[in-house]
**Q** 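Right, I'll just put the structure down here and ask away after.
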Amino acid sequence: MDLKQRYKQTFGDSEPEFLVRAPGRVNLIGEHTDYNEGFVLPIAMSQSLQVLAGASGDGQIAVYSTAFKETVHFSADDPGPPSKPAWANYVRGVAALLSKEGILLKPGKLLIHSEVPIGGGVSSSAALEVGTALALLTLAGKTMDPVPLALLARRAEHQYADSPCGIMDQFICVLGKAGHALLLDCRSQTYEHLPIRLDRTTLVIMDTQVRHELGASEYPMRQRQCREGLAELRESYPEIITLRDVTKSMLEPFEDKMDMDTFRRCRHVQSEIARTQEAADALRAGDLEIFGQLMWESHESLRDDYDVSCVELDYLVEIAESVPGVYGARMTGGGFGGCAIALVRRDAVGQLRSAIRRQYDSRFNEPAIVYTTTASNGATVRKL
Ligand code: GLA
C-alpha cells in the first residue's frame, strides 16, 4: 500500500496535504569530534524518513509510526513532558520546543515512515526530529532557518530522549546537498559543501544489524573522559578551550603522565580532527587513495584509542581491506554496532558483497545488510 493510502486508512479518510523528507546521514570521517568542537565530514543519504501531514480539527497532534504501528496523541497547546512510548518523545520534544520558541502549533495528523534503518547508526533520530519539526512548522504556517532548526532538533534529543549528542546529525539533515559532503566546523558552526567526485566509485554501507546496549552509557562516558583529559592539559596550557585546540606535540608528553585511557581518548580526538581536515583536502583534490587511507586510520583510532568499535564492525572493515578496489573503510556514527562504510571502485562492489556474504554472514547470527547510498539533499517539504 502506498503511503497516501496508508495515511487515509490510519486517519479515517482524510488526505495528507504535504510530504516532508528528512535524510539519514553517513559520516565519511570525523567521528566523536563534534562534541569536542572539531570538524566532521558527513553526507545526507539518499534514504530518508518521510512525514505525510495534514491539518486536523480536534486540537490534537496525532502521530502514527509505520515502524512501531501505533498512534500517539498530544495536545497542540501543550505537548507535555517525555513519556512512553520512547519513539514519540522525539516528536513531542520538537513540538514542546517549537512552542517554547513562541510558535503556535496547529492540530494535525502525521504519518511517519522511515527508509532510514531505525537505531542503525545512520541517524534515524535526527531525521525524525527534523522531519517532524518541519511538518509541525509547515502546519503552523511558519518556517525556520536551517541552523536554528538543527539546534532545536538537537535540544529535543538532549531534553526528551536523554541522549547528549553533538551537532553533526541534525546539521547534515538540514544542510545536506546532493553530490556534496558537508565540512562542518563544530566550533563556529560554519560549513562548506565539498563536491564529491565519485564517477567510478560507490559508497557502500554495511549494517551489522547489531545494536550493543553499551553505546548508551559509553557515549557520555567518552564525553567525560574528554573533559578529564582537557582539564589535565589545561594545567599546562591554560589557553586551550576544548580538545580542538590541542596539537600532537602538545599531547605527546602526556603519554607518561595521564591515565592511559584518558590519554588514548585525547589522542583519538586530536588525530581524528587532523585527519578530517586532511580528508577534506583530499576530497578537494579528488584524491581517493589518500581519502581511503585516512578512513582506515580513522577506524584503527576508533577501535584502539577510543574503544567504540566492536568485533562485528572490525570484521567488516577487515573483510573490506582484503578486497582489491576498496579505497578505505571505517565504522561510522557513535559505534558499538550500527554500520561501517566503504569507498569502493564501482567494479569491485560485487566482490565486496560476496566476500561479506561468505565470511561475515557465516560467522555471525545476523547477516550484514549491504546497500549503497549517494550524497543527497537535506530535508525538504513538498505540497501534495
Ligand atoms: C552520534 C552523535 C553525534 C556524534 C557521533 C560520533 O551519532 O549523535 O553527534 O557525536 O555519534 O561522531
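Counting starts at 1 for both ligands and their atoms, following the listed order. FYI, the numbering just counts along the sequence from 1.
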**Q** Answer yes or no: does atom CG of Asp347 have more than 12 heavy-atom neighbours from other residues, nucleotides or ligands under 6.0 Å?
**A**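 Buried by this count: over 12 neighbours within 6.0 Å.
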**Q** Tell me, which residues have any heavy atom less than 4.0 Å from some atom of ligand 1?
**A**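 For ligand 1, the residues that come within the 4.0 Å heavy-atom cutoff are Arg25, Glu31, His32, Asp34, Tyr35, Cys165, Gly166, Met168, Asp169, Tyr219, Gly333, Gly334.
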**Q** Kindly write out the residues that satisfy ring pair (Phe, Tyr, Trp, His ring centres under 6.0 Å) with Tyr360, not counting sequence neighbours, or none if the list is empty.
**A**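 So Tyr360 forms a ring pair (Phe, Tyr, Trp, His ring centres under 6.0 Å) with Phe364.
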**Q** Which side-chain N or O atoms in residues 235-244 pair as donor and acceptor under 3.5 Å with protein atoms at least two apart or in another chain?
**A**
residue : atom : partner : partner atom : Å
Thr242  : OG1  : Asn36   : O            : 3.2
Thr242  : OG1  : Arg187  : NH2          : 3.1
Thr242  : OG1  : Arg244  : N            : 3.2
Arg244  : NH1  : Glu37   : O            : 2.7
Arg244  : NH1  : Asp185  : OD1          : 2.9
Arg244  : NH2  : Asp185  : OD2          : 3.3

**Q** For residues 71-103, pull every pair meeting ring-ring contact (aromatic ring centres under 6.0 Å, His included), keeping only residues two or more places apart or in separate chains.
**A**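 Of all non-adjacent pairs touching residues 71-103, those that pass ring-ring contact (aromatic ring centres under 6.0 Å, His included) are Phe68-Trp87.
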**Q** With a cut-off of 6.0 Å (strictly less than), are more than 12 heavy atoms of other residues, nucleotides or ligands near CG of Asp281?
**A**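 Enclosed: over 12 neighbouring heavy atoms sit under 6.0 Å from CG of Asp281.
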**Q** In terms of side-chain geometry, is the basic nitrogen of Arg330 or Glu31 positioned less than 4.0 Å from the acidic oxygen of its partner?
**A**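 Counted as a salt bridge, because a side-chain N and a carboxylate O are separated by less than 4.0 Å.
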